[in-house]
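Have a look at the structure below, then the notes.
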Amino acid sequence: MPAAEQVSPVVTHAHEATPHDPDARGHFGEYGGRFMPEALIGALDELSAEYDKARLDPAFTGEFARLLREYAGRPSLLTEAKRFGELCGTRVFLKREDLNHTGSHKINNVLGQALLTKRMGKKRVIAETGAGQHGVATATACALLDLDCVVYMGEVDTERQALNVARMRLLGAEVVPVTTGSRTLKDAINEALRDWVTNVEDSHYLLGTAAGAHPFPVLVRNFHRVIGEEARSQVLEQTGRLPSAVLACVGGGSNAIGIFHGFIDDPDVRLVGCEPGGHGIESGEHGASLTEGSPGMLHGALSYLLQDEDGQTKEAYSISAGLDYPGVGPEHSRLKDTGRAEYRAVTDDQAMQALKLLCRTEGIIPAIESAHALAGAIELGPEIGPDGLLLVNLSGRGDKDMETAARYFGLVDE
Amino acid sequence: MTLQALFDTTHAEGRGALVGYLPAGYPTVADGKRTLTAMLESGCDLVEVGVPYSDPVMDGPTIQAAADTALRNGFRLADVFSTVETVAAAGGRAVVMTYFNPVHRYGVERFARDLASAGGLGVITPDLVPDDDAGWCAAAGAAGLDRIFLVAPSSSEERIALTANASSGFLYAAAVMGVTGARATLSDTAAETVARARRHTQLPIGLGLGVRSAQQAAEVAGFADAVIVGSAFVTAAGESEAAVRALAGELAAGVRGRGAMTSTVGK
């Protein structure tokens, strides 16, 4: 066995079937499925078939593992946040997805799907982005693998994340501001789907989260399972024990499902998803679909959804563009109903205070998304106590959020 | 007043049926009812009453904007039933076209029952496929509603057979790969998709997406049983009732094979 494979052997297991997989039509219990136009069913079938072949093909899994190791920089570190943990009243470990190339966990899924795009013989990639993390990661993978790339981004988000727009354009992607609906992530996905149904022959829709129609939820989850598999072996190696709880932020839910899967069969490990509570649940301005929503269809799957009594999607709100989404991946809906995972809402203010605290105690600037999981750790810490251990998925770095943070904390002179 | 009876008539007359689409509540509920009635009086054989929805992924800019307007003006789901009731009371035939979440949220059985009581004949479901139908086929069947599913140029033979088999009333063939919106020319895939579907079903086949002129309507009526026009009616409704009546009249001439003599409407 080549030495390189011994460094991160976990990667190749992430494509294997698990007892938690959906049925052949993509149902996680009552959730998931394919509520999509017939025109796209052929492409979804093609993607399912190609992935089913690829996941068993060492040429594919080997190339994916190689890119994660030699390009994305995996395995990512597990860092104990000692000073932060002291303030939480428990030990806290951070899974450092912020150290990956492009600055977040998004690169895992993007490299996997870009390789699948090549296998399908398609030349063009469509993506949506909220904060820009997924858009930047997609533009990066397309540059690396010589694919044309168009990224749809809500106009509100192109303003919040102007630097990421420039970054994507520099990488050669076309960025299209979306001016319909709430002009955020949900509308960017609508526009990406309209492009896909028109250009499906030569284009792959590289969805950035573990939501949408089958096979996206299982596909995206499997490309992120590496996070949980690495984290489990790292925490065992560094502490000799499993964590009391694993925390991750949940917008669509891709980083959360990726790290949760490493511990899903460890019944004593609590899985805690932190949703965007925005201005507070009672304000109605939030993105907490699991906490406050009800089952409905959006973007191809049945899952918890923020909707009104007529089934119209409600607009989500979060200070974090990457969590500003009224839906959530269907596997999270099942985990909520079975009780295997628990979900709680974290407000903008809680997230921003957690962000600042991590900066001041550890010298790490997290993405505002990831700061929601840190706020969850602050809340949970006293309950877990000094003998416990919290594992937080630090899904991304905060450079992209500097403008928002500067405004929030009043750090720059007007 | 069934869809079957409609197609028996148009077949006997040797012509295509004209189907016109308008979102309910556009621009207001009362205006929508008036426009749909005008469409039926001026040449439409059947109207598709659209349900304005927050996330219409199959629609182009014209219908998206109309749905937004209707929702901003206070459209509620119950208005679709009163709209259908008005059309039916005036002697018109109506089916509903809706994305599926509003139906799911309302309750599939309750929706089917309430639509049937309002006099609706069936439902077109652009984001529902029969192999994952969330209980819709059974509910529609129990209420006596026709289930109109879509086939697309990208549908495999197996999927066309499956879709046709689950459909009743008529089968909706998408003319092109893409979203709704008037197009200058009819794509080559339109006739081919209808021909492929014919091999799997005896059901009448309606062709939609991109038709806007009498000439196109005449061409489509040459190979499909119904010509479905959406965005062009929405645009006309944004102008005036006279524009709606003129468009319906021209398209009605088109489906009777007289399109070549009529000037192209819409710009």
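Because only heavy atoms are used, hydrogens play no part in the values below, and waters and symmetry mates are left out as well, while side chains stay in. Proteins get letters first, then strands, A, B, ... in listed order; numbering begins at 1 in each.
- Contact count against chain A (heavy-atom pairs under 4.5 Å) is highest for B/Asp132 among B/Val176, B/Asp132, B/Asp133, B/Asp59.
- Taking chain B as the reference chain and counting heavy-atom pairs below 4.5 Å, the highest number among A/Asp187, A/Leu305, A/Val197 is found for A/Val197.
- For a heavy-atom cut-off of 4.5 Å, chain A lies close to B/Val151, B/Ala152, B/Ser154, B/Ser155, B/Arg159 in residues 151-161 of chain B.
- The part of A/Leu302 that comes within reach of chain B is its side chain, from C-beta onward, which places non-hydrogen atoms under 4.5 angstrom from that chain.
- With sequence neighbours excluded, no residue forms a ring-ring contact (aromatic ring centres under 6.0 Å, His included) with B/Phe223.
- The shortest heavy-atom contact between A/Gly311 and B/Tyr53 is O-CE1, 3.5 Å.
- Interface remark: of the candidates A/Glu38, A/Arg34, A/Glu30, A/Glu38 forms the most heavy-atom pairs closer than 4.5 Å to chain B.
- Of the possible polar contacts, one joining the A/Arg194 side chain to the B/Pro56 backbone as a donor-acceptor pair under 3.5 Å is found.
- Residue A/Glu201 does not touch chain B at all, counting heavy-atom pairs closer than 4.5 Å.
- Annotation: maximal heavy-atom pairing with chain B below 4.5 Å, among A/Lys186, A/Gln307, A/Lys314, occurs at A/Gln307.
- Shown here is B/Glu109, whose CD atom has no more than 12 heavy atoms of other residues, nucleotides or ligands within 6.0 Å.
- For B/Asp188, the CG atom is loosely surrounded, since the number of other residues' heavy atoms within 6.0 Å does not exceed 12.
- Contact of A/Glu315 with chain B is not made at all, since no heavy-atom distance falls under 4.5 Å.
- Put simply, the side chain of A/Thr313 never gets that close to the backbone of B/Ser54: no donor and acceptor are under 3.5 Å apart.
- Of all heavy-atom pairs between B/Arg105 and A/Glu309, the closest is CG-O, 3.4 Å.
- At least one donor-acceptor pair closer than 3.5 Å links the side chain of A/Gln312 to the backbone N or O of B/Pro52.
- Only the backbone of A/Asp308 has a heavy atom closer than 4.5 Å to any heavy atom of chain B.
- Looking at B/Thr163, the atoms closer than 4.5 Å to chain A (heavy atoms on both sides) all sit in the side chain, from C-beta outward.
- No donor-acceptor distance shorter than 3.5 angstrom exists from the side chain of A/Asp310 to the backbone of B/Arg76, with no hydrogens or angles considered.
- If you tally non-hydrogen atom pairs under 4.5 Å between each of B/Val51, B/Leu77, B/Asp131, B/Asp55 and chain A, the highest count goes to B/Asp55.
- The choice from A/Gly42, A/Gly296, A/Pro37 that makes the most heavy-atom pairs within less than 4.5 Å of chain B is A/Pro37.
- Tested against A/Leu193 for a side-chain contact (heavy atoms from CB on, under 4.5 Å), the candidates B/Val179, B/Val57, B/Asp127 yield a single pass: B/Val57.
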